[in-house]
Amino acid sequence: MSSYNNIRKIKYSKTPQDIVSLHEYIIFEDSHAKEKYVLFRFSNNVNQRLFEIKFEVSQFNSENRLLEKSTVIHKDFTAEPNGLFVPDAKLKINYECESLEVRLEEACFDRVKWSGGEFSDNSYSFAEYAETVPVTAPQVAPKKNKTAPKAEAGVKKNKLGFNIRNIFRRNKAIFPSVFNVILTVIVAGLIIGSAFYFKSVSGAYAVDDFIVKESDGFVTVLQYRGEEKEVEIPDLLDGKRVSKIASGAFNRSDVESVTVSVVNSFCIETGAFENCPSLKTVSASMFCGKITVMQGAFKNCKSLQLFDMPTAELSKGCFDGTNAIKYLSFDSPVYEGGKLLDLFTGLNKITLDYRINANLSDDFFAGVTRR
């Protein structure tokens, strides 16, 4: 048995709005054997029992470089509605791994199945017949055959362990069974529409390339699921005003350009665009409403060069680790008595062109050289 000499519990808060979200994970390290394992603790956020999930695990080293990706399936279990659950297995990970990101791909509930942003009826149906019975006139029921039925040939319970393959190679890993679950046939027609049901349960649903959540007549963008490199945040989604981009909505996305076309007041939350390596431009019209950019909203966007949001109010550290900006346009800082350099973390000087609507003192521009 391995002896773990380093155990770390890590809180995970990147996707709390997902229908099934990672609550926390624990990394177990055996430095003698040069092995690492991770134990997950998930949250079922839907008011139905959960029977199966499929999720993608991305592993990163201490320099935040992607090491491996794995597709993991956890099935043959029961997780109660709106509760936490822990799969009865540890996932072996790369020994250089220091942090993880998890993205949900599929989830099967009592009556709803979620897959890639789409929802469908998950009412159970018969997969096959035990035998074919010809249709004939009514007959007297024969005596029951007391001979025990033979097991179907070749049917085995899959109890594969985890297998993490070479760097960047996707692989399948199956959790062993947690419980012996007797599946009951559920009468079809328990829901009118899965999308409507999901909205009524969690408030999150798919619109175009986005997962959104409605509140008080407005929608929040929870996640971007599209493939386009140039993305527009429209004024309306599903006929409702967009009011917010939530934390993690574009995290590690490959988008290169983002344009905001929202006319009402709008907020970009902490971590909304964190670690977007290809993001180069962020812009909004001068006719947009007030845009509040929270701390760390564009953290570690190392390719970002143009930020043009004339109506934006910027918080300290909103560009933490984003030091390639050449043009910066915004309305005013949220903080008082600080400097422009406070938008960036750890910088003593910077060279860029800027346009700021607020009337600020010369001290605000200390350490800034204008292009």
Side-chain angles (χ1 to χ4, degrees), residues 10-18 21-25 55-67 69 97-104 204 209-213 220-233 242-260 262 266-284 291-309 312-325 328 330 334-335 341-347 350:
I10 301 173
K11 200 77 173 176
Y12 193 86
S13 58
K14 293 184 182 297
T15 55
Q17 301 293 342
D18 278 1
S21 59
L22 180 60
H23 183 72
E24 63 184 5
Y25 61 92
F55 53 97
E56 182 184 82
V57 178
S58 300
Q59 305 177 33
F60 300 90
N61 64 9
S62 58
E63 298 177 350
N64 212 29
R65 180 172 63 86
L66 179 63
L67 297 173
K69 279 188 177 182
C97 177
E98 292 296 326
S99 63
L100 298 172
E101 283 199 2
V102 168
R103 182 175 67 86
L104 182 68
D209 291 331
F210 304 97
I211 301 296
V212 302
K213 183 175 183 179
T220 296
V221 175
L222 300 179
Q223 194 163 20
Y224 174 66
R225 292 283 188 167
E227 301 294 333
E228 298 294 330
K229 304 297 183 182
E230 298 182 357
V231 179
E232 179 186 8
I233 308 298
V242 179
S243 64
K244 188 183 302 181
I245 301 180
S247 176
F250 284 81
N251 186 275
R252 300 190 185 281
S253 169
D254 292 328
V255 297
E256 297 177 358
S257 172
V258 174
T259 302
V260 175
V262 180
F266 180 74
C267 178
I268 302 176
E269 289 191 339
T270 298
F273 290 90
E274 184 176 354
N275 296 320
C276 291
S278 304
L279 184 60
K280 297 178 181 178
T281 66
V282 177
S283 60
I291 300 173
T292 302
V293 181
M294 303 300 290
Q295 182 177 4
F298 293 90
K299 183 177 181 180
N300 293 331
C301 294
K302 299 185 183 299
S303 299
L304 183 59
Q305 297 185 17
L306 183 146
F307 184 91
D308 185 9
M309 285 189 162
E313 294 184 350
L314 304 185
S315 302
K316 283 186 178 182
C318 62
F319 299 120
D320 183 11
T322 303
N323 302 333
I325 292 180
L328 182 62
F330 63 100
V334 175
Y335 52 94
L341 284 174
D342 292 336
L343 300 174
F344 309 85
T345 302
L347 287 185
I350 192 172

task: Specify the closest pair of heavy atoms between Lys302 and Gly321, including all atoms of both residues, with the distance to one decimal.
output: NZ-O, 3.7 Å
field: Test side chain to side chain contact (heavy atoms under 4.5 Å, CB included) applied to Ile350 and Asn323, step by step
entry: CA-CA 8 Å; Ile350 192 172; Asn323 302 333; 5.7 Å; no
- request: With the side chain counted from C-beta on, respond yes when Tyr25 and Val102 share a heavy-atom pair under 4.5 Å apart, and no when they do not.
  value: no
field: Phe266 side chain near Val293 side chain, heavy-atom distance below 4.5 Å
entry: no
- prompt: Mind checking whether Lys316 and Asp342 have side chains closer than 4.5 Å, heavy atoms only?
  reply: yes
task: Walk me through it: do Arg225 and Ile211 pass the test side chain to side chain contact (heavy atoms under 4.5 Å, CB included)?
output: CA-CA 7 Å; Arg225 292 283 188 167; Ile211 301 296; 4.0 Å; yes
query: Are any of the side-chain heavy atoms of Val260 and Ile291 separated by less than 4.5 Å?
result: yes
field: Between CG on residue Leu100 and NZ on residue Lys14, distance to nearest 0.5 Å
entry: 11.0 Å
- prompt: Is there a side-chain contact between Glu56 and Glu101, using heavy atoms and a 4.5 Å cut-off?
  reply: no
- line: Here the gap from Leu67 atom CG to Glu98 atom CD, rounded to the nearest 0.5 Å, amounts to 9.5 Å
message: Quick check on side-chain contact (heavy atoms from CB on, under 4.5 Å): which of Thr220, Val262, Val221 does Ser243 satisfy it with?
response: Thr220
Whether Thr259 side chain and Glu232 backbone form a donor-acceptor pair below 3.5 Å: no
query: Could you state the interatomic distance from CD (Glu313) to CD1 (Ile268), rounded to the nearest 0.5 Å?
result: 12.5 Å
May I have the list of side-chain donor-acceptor pairs in residues 269-284 shorter than 3.5 Å, sequence neighbours left out?
from, atom 1, to, atom 2, distance (Å)
Glu269, OE1, Ser247, N, 3.1
Thr270, OG1, Gln295, O, 2.8
Asn275, OD1, Asn300, ND2, 3.3
Thr281, OG1, Ser257, OG, 3.1

- prompt: Can you tell me how far CD of Gln223 sits from CG of Leu104, rounded to the nearest 0.5 angstrom?
  reply: 9.0 Å
message: Checking side-chain polar atoms at under 3.5 Å, does Arg252 have a donor or acceptor matched by the opposite partner on Asn64?
response: yes
query: Do the rings of Phe250 and Tyr224 sit parallel, tilted or perpendicular, given the 30° and 60° boundaries?
result: parallel
query: OG/Ser315 to CG/Asp320 distance, rounded to the nearest 0.5 angstrom?
result: 12.5 Å
- prompt: Quick one: does Lys69's side chain get under 4.5 Å of Val57's, heavy atoms only?
  reply: no
- prompt: Passes side chain to side chain contact (heavy atoms under 4.5 Å, CB included), Val242 versus Val212? Steps please.
  reply: CA-CA 9 Å; Val242 179; Val212 302; over 6 Å; no
query: Do the side chains of Asp254 and Glu228 get nearer than 4.5 Å, heavy atoms only?
result: no
- request: Begin with the C-alpha distance, continue with both residues' side-chain angles, and end with the deciding distance and a verdict on side chain to side chain contact (heavy atoms under 4.5 Å, CB included) for Phe298 and Ile325.
  value: CA-CA 11 Å; Phe298 293 90; Ile325 292 180; over 6 Å; no
query: Taking side chain as C-beta onward, heavy atoms only, is Cys318 less than 4.5 Å from Phe307?
result: no
